[in-house]
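First comes the structure, then the notes that go with it.
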Amino acid sequence: MKNMKKYIKQIVALALIVSFASCSPDDEKVDMLSAGGSAVAPTSISRLDTNVPLTVKIKLKEGVTVTKVEIYRNIAANSTAAIVLGDKVSDATIVTVDNTNTTATYSSSTLGSFDIFPVTGTDGKVTLTGKTGTFPLAIKSTFSDGTVTTTPYVQTVAKGIVWKDADGVTTSTSGVSSFKLNDPTPVEIRYAVVKKPATTIASVTGEWSKDDVTYAALPGTFSTTKQTIDIAAIPYSTYGSLAAGDVIYYKFTVTSSTGQKDAIKTKVTIADQVFGGSSTGSLSQDSSMNQFSFATAKTYASDSTEGEIVFNPEFGFAKAGETRIEFVENSGLSYDDANLFDAETAFNAGTPVTTLTEELFIDSVVLYKVTRNVNLGTKDEPDFQDVTYYGLLKVTDLSLSSSALIQGFKFVYKEGELVQ
């Protein structure tokens, strides 16, 4: 305990020394305030960097040089000491830049395998199967004034390939959880290879799987530095077939020239193309509310040019004005369960009309297709284009007024754009 109190006082007193003082055997203990210098540990490496120089920076007192730098295993994990020297890893090669800047380098190859880091399984058992982790080490430095310091440091071995977001920031996943079936809208995932300049990359491969067991190659070539992949642009024939609800696993594997590998994986759910949320509407024989717009969810008077449908005397509705809208009644679609693909199929199989000739009843479902000229740009830079929507209307009430002389009905409806 007395020695440990001395150790703590030394750390507080010497701000320039970024690691702990030695608690190794007595002949290696020195008063850090009188030591000839101190060591600054190397930065992290990736698991691809199996044979790169690791640089220890040596800070020296005036008139002192470093004569030897050695790297040891630090086996103090089960000890109260900060450092317990184990086997020597390597002797570092000393490089003197000038009188005050000295470095010592050793090769990461002397650290051993990067495939045996401890991993705790779901059963609590620890196995040496990890691909990233840390090496507990110690730097033993001998100086020309006879002093010796032993500094603990942890050499981190990180991922060799990582996900990146659109701004180039490292993320834990690709950030993409789903994309719509047959939707060509770009869905981008990004990766970057992480390595030291001395590490040579042989290849990066891309693969996909539906079961996370059997993988097949993705089309195209993959950069050995970084790349953005639009997974929505990958031909569907690549996967054989896809249906809403399928899960696709994407894996990218980097291989160094030494054969060291690392991989990242993400899963993406294929989402259905469905209608938007339900809205309510109404139509009436009353001329003040005999038009309705699905686009605005508003009722209009008979002299308005905003309506898309208009009430007709046969207790139905027809297209209003120049609206580009058609209807299919008795399409067989379920208001609650149909998707946009079902709507397209049913519309093409039906007989589209612009006026319903059959009387509507409660729970009647009408399929419609409407094309609108929509601004896909901004207010300042408009970009008007035709966009086609499929919609479903379901009648919910046949009475709008206490007067039997004024006919009308209420409905719910939903619509969506099918993109493919």
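Side-chain atoms are counted along with the backbone in the values below, which use heavy atoms only and exclude waters and symmetry mates.
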Within this structure, what is the OG1-CZ distance for the pair Thr345 and Phe347, rounded to the nearest 0.5 Å? 12.5 Å
Lys/Arg-Asp/Glu bridge criterion (N-O < 4.0 Å) met for Asp212, Lys265: yes
Output for pair (Ile116 CD1, Lys131 NZ), nearest 0.5 Å, gives 10.0 Å
Between Asp262 and Lys159, is the closest basic N to carboxylate O distance under 4.0 Å? yes
Aromatic ring proximity, centroids under 6.0 angstrom, Phe294 and Tyr368: yes
OG/Ser293 to CZ/Arg372 distance, rounded to the nearest 0.5 angstrom? 6.0 Å
Return the orientation label for the Phe411 and Phe409 ring planes: parallel under 30°, perpendicular over 60°, tilted otherwise. tilted
Row check, Tyr215 ring normal vs Lys251 NZ/CZ: under 6.0 Å, within 45°: yes
Euclidean distance, Ile234 CD1 relative to Trp208 CH2, rounded to 0.5 Å: 10.5 Å
Salt-bridge criterion met for Lys319 and Glu326 (N-O under 4.0 Å): no
If only side-chain N and O atoms count, and only distance matters, is there a donor-acceptor pair under 3.5 Å linking Glu344 with Gln420? yes
Compute the ring centroids of Tyr250 and Phe252, then answer whether they are less than 6.0 Å apart. no
Indicate whether the side chain of Glu415 and that of Tyr413 have a donor and an acceptor atom separated by less than 3.5 Å. no
Between Thr253 and Ala263, is there a donor-acceptor pair closer than 3.5 Å when you use the side chain of the first and the backbone of the second? no
Verify whether one side chain among Thr355 and Asn312 offers a donor that lies under 3.5 Å from an acceptor in the other. no
Could you tell me how the ring of Tyr236 sits relative to the ring of Phe179: parallel (under 30°), tilted (30 to 60°) or perpendicular (over 60°)? perpendicular
Please tell me whether Thr185 and Asp183 have a donor and an acceptor in their side chains that are separated by less than 3.5 angstrom. yes
In this structure, are over 12 heavy atoms from other groups packed under 6.0 Å from Asn78 atom CG? no
Nearest heavy-atom contact between Ala343 and Phe275 is CB-CZ, 3.7 Å
Whether Lys164 and Asp167 form a salt bridge (side-chain N of Lys/Arg under 4.0 Å from carboxylate O of Asp/Glu) is what I want to check. no
Indicate whether the side chain of Ser334 and that of Asp336 have a donor and an acceptor atom separated by less than 3.5 Å. no
Count the heavy atoms belonging to other residues, nucleotides or ligands that lie under 6.0 Å from CD of Glu381, then report whether that count exceeds 12. no
How many angstroms lie between CG in Leu360 and CG in Leu283, if you round to the nearest 0.5 Å? 9.5 Å
For the NZ atom on Lys226, are there more than 12 heavy atoms of other groups (residues, nucleotides or ligands in this structure) within a distance under 6.0 Å? no
Do Thr103 and Lys57 get their side chains close enough for a donor-acceptor pair, meaning under 3.5 Å? no
Flag the pair Glu70 and Lys88 as a salt bridge only when some basic side-chain nitrogen lies within less than 4.0 angstrom of an acidic carboxylate oxygen. yes
Using the ring centroid of each side chain, check whether Phe311 and Phe317 are separated by less than 6.0 Å. no
Side chains of Thr199 and Asp49: donor-acceptor distance under 3.5 Å anywhere? yes
Decide whether Thr50 and Thr258 meet the rule of one side-chain donor and one side-chain acceptor closer than 3.5 Å. yes
Lys/Arg N to Asp/Glu carboxylate O, Arg190 vs Glu188, below 4.0 Å: yes
Verify whether one side chain among Thr269 and Ser178 offers a donor that lies under 3.5 Å from an acceptor in the other. no
